[in-house]
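Predicted model, so just to flag it, every value in this text is computed and none were measured. Sequence lines set the chain letters: A, B, ... in the order given, protein chains first and strands last, and positions in each chain run from 1.
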Amino acid sequence: MSLESTLRSEIQKAVSVLFNQSIDQLQIQPTNQEFEGSHTLVCFGLSKVTKKNPEETAKSIGEYLLANSTRVSKFNVVKGFLNLTLSDKVWFDVFKDIQANSSFGQLTLTGEEIMIEYSSPNTNKPLHLGHLRNNFLGYSVSEIYKACGYQVHRVQIINDRGIHICKSMAAWKLYGNGETPQSSGIKGDHLVGKYYVEFDKRFKSQVSEAVSKGVGEEEAQKQSPIMREAVEMLQKWEQGDEETLKLWKTMNGWVYDGFNATYKAMGVEFDKLYYESNTYLLGKEEVLKGLESGVFFKKEDGSVWVDLTSDGLDQKVLLRADGTSVYITQDIGTAILRFHDYPKISGQIYTVGNEQEYHFKVLFLILKKLGFKWAEHCFHLSYGMVDLPTGKMKSREGTVVDADDLMAEMIAKAKRQTLELGKTDEMSEEEATQLFEMVGLGALKFFLLKVDPKKRMLFDPNESIQLQGFTGPFIQYTHARIKAIVRKGESMNIRFDSGDFSAVQNLEPAEREVLKVLSLYENKVKEAAREYAPSIIANYAYELAKEYNQFYQNIPIFNATDPAQLAFRIALSKKVADILKKAMALLGIRVPERM
RNA sequence: GCACUCGUAGCUCAAUUGAAUAGAGCAUCUGACUACGGAUCAGAAGGUUCGGGGUUUGAAUCCCUGCGAGUGCACCA
C-alpha cells in the first residue's frame, strides 16, 4: 500500500473515532515548501461533517494522529491546513520498498493491448519541426503506456497516394532530367521535396502568365500544363498505369529511405506501417456496407453522406458522386483494418495535430454508428502547433524548420559546448560522438516534450535551444555526476546495495526531500498515461534532479563519518540516477555515464 | 457568420484539476570550489494571472461579458 493511501485510511479512522462520521473524500496534497511537513490535509470541506470550524477540525485530527499513528511525528495547523510531518522511519521504509522492488517504475502487466499511431507524414516532402513534436510525443506516450503495463503497438499511416505526390512526380518528370538521390547526393525525401517546391513555382508562374493574357484565375489554374500533368498522373495511377506506378514507386522509395534515416536519427520506431494506397479502397467498402444498413444515405447525384446533425455536427460526405473516396473514407477503412489485424487491442490513440479535432470527432462518431464498440476507446491525442515568432510554419514562404537540419544543429551545438567545457578529454572518439548526439537530441526532445501537448508552443530559430536550466542536459548532467559518485563508492569497496540502512540514525532535511520526490514516481507515470502527457514526466524528472542537486551541494557525501550513513547516501544517489534514467527513457532520451 | 482552443514575471513554460504569500528556467544583478564534476548551487529583483462582472469559506482554474490570438466549418489531404 502506498504511503498516501495508508495515511488516508488512518485519517478516515480518526474522523470516524473523533466525529463518528465516515468520509471517503479526503483532500491530501503535498505540503508547500514554506511549511514544515510533507503531507497536508485540507480541512475546509471536512468541517461540514465535523460541525467544527476547519482549524479546530485540523487540530483535533492532528492530535489524534500524533497519539495513535506511528507514522506521524509532528503536525502543525495553518488556517484549515493540517500539515503532517512523518517520522524518519517512514521514509527509510519508503526507500527500502523502492530498493527491494527491482522493477520499480514498471507497473504490473494489465494484460491489455493498445495501439498508438504517430508521424503519418505525406510522402511529398521531408519531415519538419511539427513532425518532431508529433513523433517524440507518440513515441513517449507509447513508452509510458508500456511502463503502465500495456502491450503497445506503434503504427503509422503513410499518405503515399493522391495529388500531392503526383505534383512532385509531374515536376520531376518535366524538369528532373533523371536526377536521383545517388546522382545528386541529395537525401531522397529532400529531393522529392525539391520537386514539390518546383511544382509550386512552375504552377504559379504558369497561372500568372495565363492571367496576364486575360484568362480567368480559375481557368488559368485548370489550364496550367504542369497541373494537368499532375491530374493526369493521378488518373493514370488509379487506373494502374504501369509507367506511372513505376515512377510512383521509385520516388516513394526515395522518400522512405530518407524518412528511415530521419526516424533512426530521432530514435523512434514503428511495429507496423499502414499505407494509404493499400487501405483507401477498404474504406469505400465499409461505407457501402453502411449505406446498405441505412447508417448512411445517398443524394440524388450519387454521393454518399452521413448525417451527424443529431450529434450537433454537420452532414459529411463519404463518397464523391463519381464513387471515389475522400480523406475520411480511408481513415474508416484503416481503423477497421487495424482492429482486424490486432483483435486484442482495446483502443487506439491517434497522435495528430489539433487542427484535425473536428475530423476525429466525426470519424469516431461514424465508427460508433457503424456499430463498432471499440470506437469509444479511440482517442485523438491532439497536440498544439509549434509556432515560430513569425507565426505558423509555411512551406511556401520558406519558413519551415527542417527536422534533419534541426537535429544536426543541436548535435553540433552540443559538440561545441562539450568541447569548450573540456569534457571529452578522457573519452574515446566513439564515446564523444555518442555523447554529442545524446546531449543535442536530449535537449531537443526535452524542449518539445516539457510543454503540455495540448498547448501550442513557440520555437525561436534565432535563439537556439538552451543546454542549461530546465533542460534535458541538466538532467543528463545530474545523472552523470551521480554515476561518478557511484564509481567512487565502488572503488572504495563500500557496500551500498544491501538495502538495510537501519543503522542510520536520522535523515538530513535534504535527504528527506529527495525521498519525498522519489516516492512520487509511479504515480507520475500513471498520471502521464491518464493525461497522455509526457510533460508530466519531464517536469517530474526536472524536479527530482533539482532536489537531488540541492542535496548534493549541501551534503558532502564522502564526508560522512558513519559508514552506514555513507552507504545510505550512495544508495540514495544511485537510486536517483536510476529513476532519472527511467524517466528520461520514457521521453525517448538517453543519459550518459559521464559528460 | 457559427463552433472549438488559448491569454500567467521582459521571454519560454508550471501550478497536484477549486486551496495557503501563483512557482521554475532564460535574461539582469550579487555571492559560492585546498572536499564528490561550476552544463551546478545559494540569494536579489521581477505579477492587477488580458479587462469587467458573478458563483464559492476559498478562483489563474467554474459561469457570464468585452478585447486579443489561433484553429476548424471542402465532393482537399
B:A42: pairing nucleotide in any strand, Watson-Crick or G-U under 3.5 angstrom: B:U30
For B:U55, the Watson-Crick or wobble partner whose two distances fall under 3.5 Å: none
Pairwise P distance, B:U30 and B:G23 [rounded to whole Å]: 26 Å
Is_stacked (A:Y552, B:C41) at 5.5 Å, 30 deg: no
Base B:A39 to side chain A:T418, donor-acceptor N/O within 3.5 Å cut-off: yes
Who pairs with B:U61 - Watson-Crick or G-U, where each distance is under 3.5 Å: none
Touch class at under 4.0 angstrom, heavy-atom based, for A:T40 against every strand present: base
Aromatic-base stack, A:F44 on B:G58, cutoff 5.5 Å, angle under 30: no
Side-chain N,O (A:Q466) to OP1/OP2 (B:G25) below 4.0 Å: no
Nearest-neighbour nucleotide for the A:Q553 side chain, B:C36, B:C41, B:G72 considered: B:C41
Mutual orientation of the aromatic rings belonging to A:F203 and A:F199 [parallel < 30°, tilted 30-60°, perpendicular > 60°]: parallel
Nucleotide B:U5, atom C1' - distance to CG of A:D452 in whole Å: 12 Å
B:C4 OP1/OP2 closer than 4.0 Å to side-chain N/O of A:R456: no
Presence of A:Y327 side-chain N/O under 4.0 Å of B:A77 phosphate oxygens OP1/OP2: no
Sugar-phosphate only, base, or nothing, as touched by A:I555 at under 4.0 Å among non-hydrogen atoms: base
Rounded distance [0.5 Å steps], CD in A:Q434 versus CZ in A:R590: 5.5 Å
Any donor-acceptor N/O pair under 3.5 Å between B:A35 base and A:N559 side chain: yes
Side chain to side chain contact (heavy atoms under 4.5 Å, CB included), paired with A:L129, selected from A:L406, A:D387, A:V400, A:N134: A:L406
Pairing nucleotide - B:G72, Watson-Crick or G-U, each distance under 3.5 Å: B:C2
Check: A:T478 side chain, B:A39 base, donor-acceptor under 3.5 Å: no
Sugar-phosphate, base or nothing in reach of A:E543, heavy atoms under 4.0 Å: nothing
Residue-phosphate contact under 4.0 Å: A:K79 side-chain N/O, B:U21 OP1/OP2: yes
For B:A24, the Watson-Crick or wobble partner whose two distances fall under 3.5 Å: B:U12
Test side chain to side chain contact (heavy atoms under 4.5 Å, CB included) applied to A:K316 and A:I328, A:L365, A:L363, the passing residue: A:I328
Phosphate OP1/OP2 of B:C36: any A:R487 side-chain N/O under 4.0 Å: no
Aromatic ring pairing A:F474/A:Y542, orientation class (parallel under 30°, perpendicular over 60°, tilted between): tilted
Residues, nucleotides or ligands: over 12 heavy atoms within 6.0 Å of A:E490 CD: yes
Distance test, side-chain N/O of A:N549 to OP1/OP2 of B:C41, below 4.0 Å: yes
Below 4.0 Å: OP1/OP2 of B:A39 and any side-chain N or O of A:K423: yes
Whether A:F474 stacks on the six-membered ring of B:A39 base, 5.5 Å and 30° limits: no
In B:U30, glycosidic geometry as syn within 90° of 0 or anti otherwise: anti
Face-to-face stacking of A:F35 with B:A20, centres under 5.5 angstrom, angle under 30°: yes
Complementary nucleotide for B:U48 - Watson-Crick or wobble, under 3.5 Å: none
Partner of A:Y350 by ring-ring contact (aromatic ring centres under 6.0 Å, His included), out of A:F360, A:Y383, A:F379: A:F360
Sugar-phosphate only, base, or nothing, as touched by A:K455 at under 4.0 Å among non-hydrogen atoms: sugar-phosphate
Base B:A20 to side chain A:N83, donor-acceptor N/O within 3.5 Å cut-off: yes
N/O (side chain, A:K361) to phosphate O (OP1/OP2, B:C4) under 4.0 Å: no
B:G38 phosphate, OP1 or OP2, under 4.0 Å from A:R481 side-chain N/O: yes
